2 protein chains.
Amino acid sequence: MRQLLERIDREILTGGGKRSRSRAAVIERFFLERHHVTIEELTRSVRESAPRVGAVTVYRTLKLLERLGYAKELDFGEGAKRYESNLASHHDHLVCRKCGTVIEFENRDIEKLQERVTRRHGFQPTSHRLEIYGFCRKCAPGKAAEEVRCPR
Amino acid sequence: MRQLLERIDREILTGGGKRSRSRAAVIERFFLERHHVTIEELTRSVRESAPRVGAVTVYRTLKLLERLGYAKELDFGEGAKRYESNLASHHDHLVCRKCGTVIEFENRDIEKLQERVTRRHGFQPTSHRLEIYGFCRKCAPGKAAEEVRCPR
DNA sequence: ATGATGATGAAATTCAATTTCATAATATTC
DNA sequence: GAATATTATGAAATTGAATTTCATCATCAT
(Lines give C-alpha, C1' and ligand atoms only; values in the text may rest on other atoms or scores of the structure.)
Protein backbone atom coordinates (compact mmCIF):
# COMPACT_ATOMS: atom_id res chain seq x y z
CA MET A 1 0.00 0.00 0.00
CA ARG A 2 2.74 2.40 1.06
CA GLN A 3 4.67 1.54 -2.06
CA LEU A 4 1.62 2.09 -4.19
CA LEU A 5 0.97 5.52 -2.73
CA GLU A 6 4.59 6.49 -3.20
CA ARG A 7 4.53 5.31 -6.78
CA ILE A 8 1.46 7.38 -7.49
CA ASP A 9 3.05 10.37 -5.80
CA ARG A 10 6.10 10.00 -8.01
CA GLU A 11 3.95 9.90 -11.12
CA ILE A 12 2.17 13.04 -10.01
CA LEU A 13 5.46 14.82 -9.33
CA THR A 14 6.79 13.75 -12.72
CA GLY A 15 3.76 15.32 -14.30
CA GLY A 16 4.32 18.64 -12.54
CA GLY A 17 1.92 18.05 -9.69
CA LYS A 18 2.45 18.34 -5.96
CA ARG A 19 1.81 16.12 -3.01
CA SER A 20 -1.24 16.77 -0.89
CA ARG A 21 -2.66 15.35 2.30
CA SER A 22 -6.28 15.45 1.18
CA ARG A 23 -5.51 13.61 -1.99
CA ALA A 24 -3.46 11.04 -0.13
CA ALA A 25 -6.39 10.42 2.20
CA VAL A 26 -8.72 9.91 -0.75
CA ILE A 27 -6.34 7.58 -2.55
CA GLU A 28 -5.70 5.49 0.52
CA ARG A 29 -9.38 5.07 1.31
CA PHE A 30 -10.17 4.30 -2.29
CA PHE A 31 -7.83 1.35 -2.43
CA LEU A 32 -9.17 0.05 0.89
CA GLU A 33 -12.69 -0.11 -0.49
CA ARG A 34 -13.74 -3.62 -1.34
CA HIS A 35 -16.53 -2.74 -3.73
CA HIS A 36 -17.35 -0.19 -6.37
CA VAL A 37 -18.12 3.08 -4.64
CA THR A 38 -19.90 6.24 -5.66
CA ILE A 39 -18.25 9.60 -5.07
CA GLU A 40 -20.70 10.23 -2.28
CA GLU A 41 -19.91 6.97 -0.52
CA LEU A 42 -16.20 7.48 -0.83
CA THR A 43 -16.47 11.05 0.41
CA ARG A 44 -18.27 9.84 3.51
CA SER A 45 -15.62 7.21 4.04
CA VAL A 46 -12.75 9.65 3.58
CA ARG A 47 -14.29 12.04 6.05
CA GLU A 48 -14.08 9.46 8.80
CA SER A 49 -10.33 9.95 8.84
CA ALA A 50 -10.08 13.39 7.22
CA PRO A 51 -13.26 15.33 8.01
CA ARG A 52 -12.39 18.46 6.11
CA VAL A 53 -11.98 16.86 2.70
CA GLY A 54 -14.59 18.03 0.23
CA ALA A 55 -16.41 16.03 -2.39
CA VAL A 56 -14.80 18.08 -5.13
CA THR A 57 -11.40 16.76 -4.17
CA VAL A 58 -12.74 13.24 -4.28
CA TYR A 59 -14.01 13.91 -7.79
CA ARG A 60 -10.72 15.37 -8.90
CA THR A 61 -8.69 12.61 -7.32
CA LEU A 62 -10.72 9.86 -8.92
CA LYS A 63 -10.47 11.51 -12.32
CA LEU A 64 -6.73 11.67 -11.75
CA LEU A 65 -6.49 8.03 -10.75
CA GLU A 66 -8.53 7.11 -13.77
CA ARG A 67 -6.18 9.01 -16.05
CA LEU A 68 -3.21 7.31 -14.45
CA GLY A 69 -4.85 3.97 -14.98
CA TYR A 70 -5.41 3.09 -11.32
CA ALA A 71 -9.15 3.53 -11.23
CA LYS A 72 -11.97 2.39 -13.42
CA GLU A 73 -15.22 4.20 -13.94
CA LEU A 74 -18.38 2.10 -13.91
CA ASP A 75 -21.95 2.90 -14.72
CA PHE A 76 -24.73 0.62 -13.57
CA GLY A 77 -27.41 3.07 -14.60
CA GLU A 78 -28.06 4.40 -11.12
CA GLY A 79 -27.49 8.02 -11.97
CA ALA A 80 -24.19 8.34 -10.17
CA LYS A 81 -21.10 6.63 -11.47
CA ARG A 82 -19.12 4.13 -9.49
CA TYR A 83 -15.40 3.60 -9.29
CA GLU A 84 -13.24 0.64 -8.50
CA SER A 85 -9.56 -0.11 -8.27
CA ASN A 86 -8.01 -1.14 -11.52
CA LEU A 87 -5.09 -2.82 -9.84
CA ALA A 88 -5.54 -6.49 -9.37
CA SER A 89 -8.28 -8.39 -11.10
CA HIS A 90 -9.65 -7.01 -14.32
CA HIS A 91 -13.14 -8.17 -13.78
CA ASP A 92 -16.36 -7.26 -15.53
CA HIS A 93 -19.98 -7.14 -14.45
CA LEU A 94 -23.35 -8.75 -14.90
CA VAL A 95 -26.03 -6.25 -13.89
CA CYS A 96 -29.57 -7.41 -13.16
CA ARG A 97 -32.15 -5.04 -14.59
CA LYS A 98 -34.69 -6.06 -12.03
CA CYS A 99 -33.12 -6.38 -8.58
CA GLY A 100 -29.95 -4.47 -9.36
CA THR A 101 -27.62 -7.22 -8.24
CA VAL A 102 -24.14 -6.93 -9.67
CA ILE A 103 -22.20 -10.12 -10.29
CA GLU A 104 -18.49 -9.86 -10.98
CA PHE A 105 -16.71 -12.17 -13.32
CA GLU A 106 -13.30 -12.48 -14.78
CA ASN A 107 -12.48 -14.02 -18.11
CA ARG A 108 -8.95 -14.07 -19.42
CA ASP A 109 -10.06 -15.32 -22.82
CA ILE A 110 -12.27 -12.30 -23.37
CA GLU A 111 -9.37 -10.07 -22.38
CA LYS A 112 -7.07 -11.78 -24.80
CA LEU A 113 -9.54 -11.32 -27.61
CA GLN A 114 -9.84 -7.66 -26.68
CA GLU A 115 -6.10 -7.29 -26.92
CA ARG A 116 -6.14 -8.88 -30.33
CA VAL A 117 -8.86 -6.50 -31.50
CA THR A 118 -7.03 -3.42 -30.27
CA ARG A 119 -3.77 -4.56 -31.84
CA ARG A 120 -5.53 -5.05 -35.12
CA HIS A 121 -6.67 -1.41 -35.01
CA GLY A 122 -3.33 -0.01 -33.88
CA PHE A 123 -5.12 1.03 -30.71
CA GLN A 124 -3.28 1.33 -27.40
CA PRO A 125 -5.76 0.36 -24.66
CA THR A 126 -5.59 1.82 -21.17
CA SER A 127 -8.78 0.34 -19.76
CA HIS A 128 -12.02 -1.20 -20.75
CA ARG A 129 -15.51 -1.57 -19.51
CA LEU A 130 -17.74 -4.54 -20.09
CA GLU A 131 -21.16 -4.62 -18.56
CA ILE A 132 -23.73 -7.23 -19.44
CA TYR A 133 -27.31 -6.32 -18.58
CA GLY A 134 -30.10 -8.81 -18.16
CA PHE A 135 -31.81 -10.85 -15.48
CA CYS A 136 -30.10 -12.76 -12.75
CA ARG A 137 -30.99 -16.30 -11.76
CA LYS A 138 -33.64 -15.17 -9.29
CA CYS A 139 -35.31 -12.65 -11.57
CA ALA A 140 -34.99 -14.55 -14.82
CA PRO A 141 -37.40 -17.50 -14.94
CA GLY A 142 -40.53 -16.57 -16.84
CA LYS A 143 -40.62 -13.07 -15.50
CA ALA A 144 -37.97 -11.77 -17.84
CA ALA A 145 -40.13 -11.80 -20.94
CA GLU A 146 -42.94 -9.84 -19.32
CA GLU A 147 -40.62 -7.38 -17.72
CA VAL A 148 -38.90 -6.64 -20.99
CA ARG A 149 -42.22 -5.96 -22.62
CA CYS A 150 -43.56 -3.61 -20.01
CA PRO A 151 -43.74 -0.32 -21.87
CA ARG A 152 -43.65 2.07 -19.01
CA MET B 1 -39.10 -0.78 -41.41
CA ARG B 2 -42.87 -0.81 -41.49
CA GLN B 3 -42.85 -4.31 -40.10
CA LEU B 4 -40.50 -3.30 -37.36
CA LEU B 5 -42.65 -0.37 -36.29
CA GLU B 6 -45.74 -2.57 -36.29
CA ARG B 7 -43.98 -5.18 -34.25
CA ILE B 8 -42.94 -2.60 -31.67
CA ASP B 9 -46.48 -1.23 -31.60
CA ARG B 10 -47.81 -4.71 -30.92
CA GLU B 11 -45.39 -5.16 -28.06
CA ILE B 12 -46.46 -1.85 -26.59
CA LEU B 13 -50.14 -2.76 -26.89
CA THR B 14 -49.49 -6.12 -25.27
CA GLY B 15 -47.94 -4.32 -22.34
CA GLY B 16 -50.95 -2.06 -21.86
CA GLY B 17 -49.65 0.91 -23.80
CA LYS B 18 -51.20 2.90 -26.60
CA ARG B 19 -50.08 3.94 -30.03
CA SER B 20 -48.88 7.46 -30.50
CA ARG B 21 -47.79 9.58 -33.44
CA SER B 22 -45.01 11.36 -31.61
CA ARG B 23 -43.50 8.14 -30.46
CA ALA B 24 -43.77 6.65 -33.92
CA ALA B 25 -41.90 9.64 -35.30
CA VAL B 26 -39.14 9.20 -32.75
CA ILE B 27 -38.82 5.48 -33.37
CA GLU B 28 -38.72 5.87 -37.12
CA ARG B 29 -36.05 8.55 -37.01
CA PHE B 30 -34.04 6.59 -34.50
CA PHE B 31 -33.74 3.57 -36.74
CA LEU B 32 -32.81 5.77 -39.69
CA GLU B 33 -29.83 7.19 -37.82
CA ARG B 34 -26.57 5.71 -38.96
CA HIS B 35 -24.52 6.56 -35.91
CA HIS B 36 -24.91 6.77 -32.17
CA VAL B 37 -26.99 9.83 -31.35
CA THR B 38 -27.50 11.90 -28.26
CA ILE B 39 -31.01 12.76 -27.15
CA GLU B 40 -30.44 16.30 -28.28
CA GLU B 41 -29.34 15.27 -31.75
CA LEU B 42 -32.21 12.90 -32.18
CA THR B 43 -34.69 15.48 -30.96
CA ARG B 44 -33.43 17.92 -33.58
CA SER B 45 -33.73 15.25 -36.23
CA VAL B 46 -37.24 14.24 -35.18
CA ARG B 47 -38.38 17.84 -35.26
CA GLU B 48 -37.55 18.10 -38.94
CA SER B 49 -40.51 15.88 -39.65
CA ALA B 50 -42.53 16.41 -36.47
CA PRO B 51 -41.74 19.86 -35.11
CA ARG B 52 -43.93 19.66 -32.05
CA VAL B 53 -42.28 16.64 -30.46
CA GLY B 54 -40.55 17.48 -27.20
CA ALA B 55 -37.25 16.19 -25.91
CA VAL B 56 -39.03 14.52 -23.01
CA THR B 57 -40.82 12.22 -25.40
CA VAL B 58 -37.53 11.35 -27.05
CA TYR B 59 -36.14 10.46 -23.65
CA ARG B 60 -39.13 8.35 -22.77
CA THR B 61 -39.18 6.63 -26.12
CA LEU B 62 -35.52 5.70 -26.00
CA LYS B 63 -35.89 4.33 -22.49
CA LEU B 64 -38.79 2.31 -23.82
CA LEU B 65 -36.84 1.00 -26.79
CA GLU B 66 -34.01 0.10 -24.49
CA ARG B 67 -36.31 -1.85 -22.24
CA LEU B 68 -37.74 -3.67 -25.23
CA GLY B 69 -34.24 -4.50 -26.37
CA TYR B 70 -34.23 -2.41 -29.56
CA ALA B 71 -31.88 0.32 -28.39
CA LYS B 72 -28.57 0.33 -26.64
CA GLU B 73 -27.31 3.02 -24.34
CA LEU B 74 -23.71 4.10 -24.78
CA ASP B 75 -21.48 6.35 -22.76
CA PHE B 76 -18.32 7.75 -24.24
CA GLY B 77 -17.77 10.06 -21.31
CA GLU B 78 -19.08 13.17 -23.02
CA GLY B 79 -21.64 14.01 -20.38
CA ALA B 80 -24.65 13.07 -22.45
CA LYS B 81 -25.40 9.46 -23.25
CA ARG B 82 -25.67 8.14 -26.78
CA TYR B 83 -28.03 5.58 -28.20
CA GLU B 84 -27.82 3.23 -31.12
CA SER B 85 -30.01 0.61 -32.70
CA ASN B 86 -29.56 -2.82 -31.20
CA LEU B 87 -30.98 -4.54 -34.26
CA ALA B 88 -28.35 -5.66 -36.67
CA SER B 89 -24.70 -5.76 -35.77
CA HIS B 90 -23.79 -6.12 -32.14
CA HIS B 91 -20.67 -4.06 -32.32
CA ASP B 92 -18.54 -2.58 -29.60
CA HIS B 93 -16.34 0.50 -29.39
CA LEU B 94 -12.77 1.69 -29.12
CA VAL B 95 -12.79 5.21 -27.70
CA CYS B 96 -9.70 7.42 -28.02
CA ARG B 97 -9.07 9.38 -24.83
CA LYS B 98 -7.25 12.07 -26.72
CA CYS B 99 -9.07 12.93 -29.95
CA GLY B 100 -12.36 11.29 -29.04
CA THR B 101 -12.51 9.14 -32.15
CA VAL B 102 -14.80 6.14 -31.81
CA ILE B 103 -13.91 3.00 -33.74
CA GLU B 104 -16.51 0.29 -34.04
CA PHE B 105 -15.64 -3.35 -34.09
CA GLU B 106 -17.49 -6.59 -34.06
CA ASN B 107 -16.17 -9.81 -32.66
CA ARG B 108 -18.29 -12.91 -32.59
CA ASP B 109 -15.80 -14.80 -30.46
CA ILE B 110 -16.06 -12.26 -27.68
CA GLU B 111 -19.82 -12.51 -27.88
CA LYS B 112 -19.70 -16.27 -27.65
CA LEU B 113 -17.52 -16.09 -24.58
CA GLN B 114 -19.93 -13.61 -23.05
CA GLU B 115 -22.77 -16.05 -23.64
CA ARG B 116 -20.80 -18.77 -21.96
CA VAL B 117 -20.14 -16.56 -18.94
CA THR B 118 -23.78 -15.60 -18.54
CA ARG B 119 -24.91 -19.20 -18.89
CA ARG B 120 -22.50 -20.22 -16.21
CA HIS B 121 -24.11 -17.69 -13.85
CA GLY B 122 -27.68 -18.53 -14.78
CA PHE B 123 -27.94 -15.00 -16.09
CA GLN B 124 -30.29 -14.10 -18.92
CA PRO B 125 -28.63 -11.32 -20.92
CA THR B 126 -30.62 -8.69 -22.77
CA SER B 127 -27.76 -6.47 -23.87
CA HIS B 128 -24.19 -5.65 -23.18
CA ARG B 129 -21.80 -2.80 -23.44
CA LEU B 130 -18.13 -3.09 -24.16
CA GLU B 131 -16.06 0.03 -24.46
CA ILE B 132 -12.30 -0.03 -24.67
CA TYR B 133 -10.58 3.24 -23.82
CA GLY B 134 -7.09 4.16 -24.88
CA PHE B 135 -5.24 5.90 -27.69
CA CYS B 136 -5.93 5.49 -31.36
CA ARG B 137 -3.25 4.98 -33.98
CA LYS B 138 -2.77 8.71 -34.48
CA CYS B 139 -2.62 9.66 -30.81
CA ALA B 140 -0.74 6.60 -29.55
CA PRO B 141 2.91 6.72 -30.62
CA GLY B 142 5.03 8.04 -27.77
CA LYS B 143 2.46 10.58 -26.72
CA ALA B 144 0.33 8.09 -24.84
CA ALA B 145 2.71 7.66 -21.92
CA GLU B 146 3.01 11.38 -21.29
CA GLU B 147 -0.67 11.96 -21.62
CA VAL B 148 -1.48 9.23 -19.14
CA ARG B 149 0.84 10.80 -16.62
CA CYS B 150 -0.46 14.32 -16.86
CA PRO B 151 -1.96 14.87 -13.41
CA ARG B 152 -4.41 17.60 -14.19
C1' DA C 1 12.32 32.45 4.64
C1' DT C 2 10.45 33.85 0.04
C1' DG C 3 8.20 33.51 -4.11
C1' DA C 4 5.88 30.62 -7.48
C1' DT C 5 2.70 27.33 -8.51
C1' DG C 6 -0.39 23.68 -7.55
C1' DA C 7 -4.25 22.00 -4.53
C1' DT C 8 -8.33 22.77 -1.79
C1' DG C 9 -13.11 23.37 -0.61
C1' DA C 10 -17.37 26.10 -0.28
C1' DA C 11 -20.41 28.04 -3.20
C1' DA C 12 -22.13 28.83 -7.62
C1' DT C 13 -23.01 26.97 -11.99
C1' DT C 14 -23.97 23.81 -15.60
C1' DC C 15 -26.64 20.66 -17.84
C1' DA C 16 -28.44 15.90 -18.54
C1' DA C 17 -32.20 13.59 -16.88
C1' DT C 18 -36.54 13.18 -14.42
C1' DT C 19 -40.86 14.61 -12.48
C1' DT C 20 -45.06 17.24 -12.48
C1' DC C 21 -49.31 18.36 -14.22
C1' DA C 22 -52.78 20.09 -17.19
C1' DT C 23 -54.08 18.89 -21.76
C1' DA C 24 -54.44 15.94 -25.80
C1' DA C 25 -54.69 11.58 -28.03
C1' DT C 26 -56.01 6.87 -28.12
C1' DA C 27 -58.53 2.78 -26.71
C1' DT C 28 -62.69 0.71 -24.69
C1' DT C 29 -67.43 0.33 -23.39
C1' DC C 30 -71.90 0.85 -24.10
C1' DG D 1 -70.28 6.77 -32.70
C1' DA D 2 -70.69 9.24 -28.30
C1' DA D 3 -69.10 8.69 -23.48
C1' DT D 4 -65.66 7.07 -20.43
C1' DA D 5 -61.22 5.57 -19.02
C1' DT D 6 -56.56 5.35 -19.56
C1' DT D 7 -52.25 6.46 -21.63
C1' DA D 8 -49.16 9.83 -23.90
C1' DT D 9 -47.55 14.47 -24.49
C1' DG D 10 -44.91 18.59 -23.82
C1' DA D 11 -43.72 22.84 -21.34
C1' DA D 12 -42.03 24.07 -17.19
C1' DA D 13 -40.16 22.98 -12.90
C1' DT D 14 -37.13 20.09 -10.39
C1' DT D 15 -33.46 17.12 -9.33
C1' DG D 16 -28.91 15.95 -8.73
C1' DA D 17 -24.37 14.56 -10.55
C1' DA D 18 -20.55 16.80 -12.20
C1' DT D 19 -17.84 20.91 -13.11
C1' DT D 20 -16.17 25.54 -12.62
C1' DT D 21 -14.88 29.57 -9.98
C1' DC D 22 -12.10 31.83 -6.88
C1' DA D 23 -10.06 33.21 -2.66
C1' DT D 24 -7.17 30.79 0.45
C1' DC D 25 -3.95 27.32 1.80
C1' DA D 26 -0.16 23.91 1.15
C1' DT D 27 3.84 22.38 -1.14
C1' DC D 28 8.03 22.83 -3.79
C1' DA D 29 12.30 25.12 -5.51
C1' DT D 30 15.64 28.50 -4.64
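Lettering follows sequence order; numbering is per chain, from 1. Computed from a prediction, not measured in an experiment: that's the story for all the values here.
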Closest to the B/Thr57 side chain, choosing from D/dT9, C/dA7, D/dA17
D/dT9
Under the rule for side-chain hydrogen bond (donor to acceptor under 3.5 Å, both in side chains), what residues qualify as partners of B/Arg29, not counting sequence neighbours?
B/Ser45
Between atom NZ in A/Lys81 and atom P in D/dG16, what is the gap in whole Å?
17 Å
Which atom pairs, donor and acceptor, lie under 3.5 Å between side-chain atoms of residues 46-59 of chain B and protein residues at least two apart or in another chain?
{"from": "B/Arg47", "atom 1": "NE", "to": "B/Val53", "atom 2": "O", "distance (Å)": "2.7"}
{"from": "B/Arg47", "atom 1": "NH2", "to": "B/Val53", "atom 2": "O", "distance (Å)": "3.1"}
{"from": "B/Ser49", "atom 1": "OG", "to": "B/Val46", "atom 2": "O", "distance (Å)": "3.2"}

In whole Å, I'd like the distance from the CG atom of B/Leu64 to the P atom of D/dT9.
9 Å
Those residues that, when tested against B/Arg116, pass side-chain hydrogen bond (donor to acceptor under 3.5 Å, both in side chains) (two or more places apart):
none
If you measure only the distance, is there a donor-acceptor pair under 3.5 Å linking the side chains of A/Tyr83 and A/Glu41?
no
Grab the NZ-P distance between A/Lys63 and D/dA18 for me, whole Å please.
8 Å
With sequence neighbours excluded, tell me which residues meet side-chain hydrogen bond (donor to acceptor under 3.5 Å, both in side chains) with A/Glu78.
A/Arg82
Can you tell me if B/Asn86 uses its side chain to pair, donor with acceptor, with the backbone of B/Gly69 under 3.5 Å?
yes
Between C/dT18 (C1') and A/Glu78 (CD): distance, integer Å:
16 Å
Measure CD1/B/Ile12 against P/D/dT7 and give the value in whole Å, please.
14 Å
Sequence neighbours left out, what passes side-chain contact (heavy atoms from CB on, under 4.5 Å) with A/Arg19? Give chain and number order.
A/Asp9, A/Leu13
Angle separating the five-pair end axes of the helix from C/dA1-D/dT30 to C/dC30-D/dG1, nearest 10°, is 40°
I need the full list of ring-ring contact (aromatic ring centres under 6.0 Å, His included) pairs touching residues 8-44 of chain B, with sequence neighbours left out, sorted by first then second residue.
B/His36-B/Phe76, B/His36-B/His93
Between protein and nucleotides 26-30 of chain D, what N or O pairs are separated by less than 3.5 Å?
{"from": "D/dT27", "atom 1": "OP1", "to": "A/Arg21", "atom 2": "NE", "distance (Å)": "3.1"}
{"from": "D/dT27", "atom 1": "O2", "to": "A/Lys18", "atom 2": "NZ", "distance (Å)": "3.0"}
{"from": "D/dC28", "atom 1": "OP1", "to": "A/Arg19", "atom 2": "NE", "distance (Å)": "2.9"}

Who else is in A/Ile132's hydrophobic cluster (ILVMFWY, side-chain heavy atoms under 4.5 Å, direct or via others)?
A/Leu94, A/Ile103, A/Phe105, A/Ile110, A/Leu113, A/Val117, A/Phe123, A/Leu130, B/Leu94, B/Ile103, B/Phe105, B/Ile110, B/Leu113, B/Val117, B/Phe123, B/Leu130, B/Ile132
If you assign each of B/Ser22 and A/Tyr83 to its closest nucleotide in DNA chain D, which residue comes earlier from the 5' end?
B/Ser22
Residues that B/Glu111 engages under salt bridge (charged side-chain N to carboxylate O under 4.0 Å, His left out), provided they are two or more places apart
B/Arg108
Under 3.5 Å, is there a donor on one side chain and an acceptor on the other for A/Tyr133 and B/Glu66?
no
Identify, with sequence neighbours excluded, every residue that meets side-chain hydrogen bond (donor to acceptor under 3.5 Å, both in side chains) alongside B/Asp92.
B/His128
How many Å lie between CD1 on B/Ile27 and P on D/dA8, as a whole number?
11 Å
Reading DNA chain C from 5' onward, which residue's closest nucleotide shows up sooner: B/Gly79 or B/Arg60?
B/Gly79
Would you kindly give the CZ-to-C1' distance between B/Arg52 and C/dT23, to the nearest whole Å?
12 Å
From CZ of B/Arg10 across to P of C/dA27 the rounded distance in Å is 14 Å
Closest to the A/Val56 side chain: C/dG9, C/dA16, D/dG10?
C/dG9
What residues 32-47 of chain A contributes to the DNA chain D interface at heavy-atom separation below 4.0 Å is none
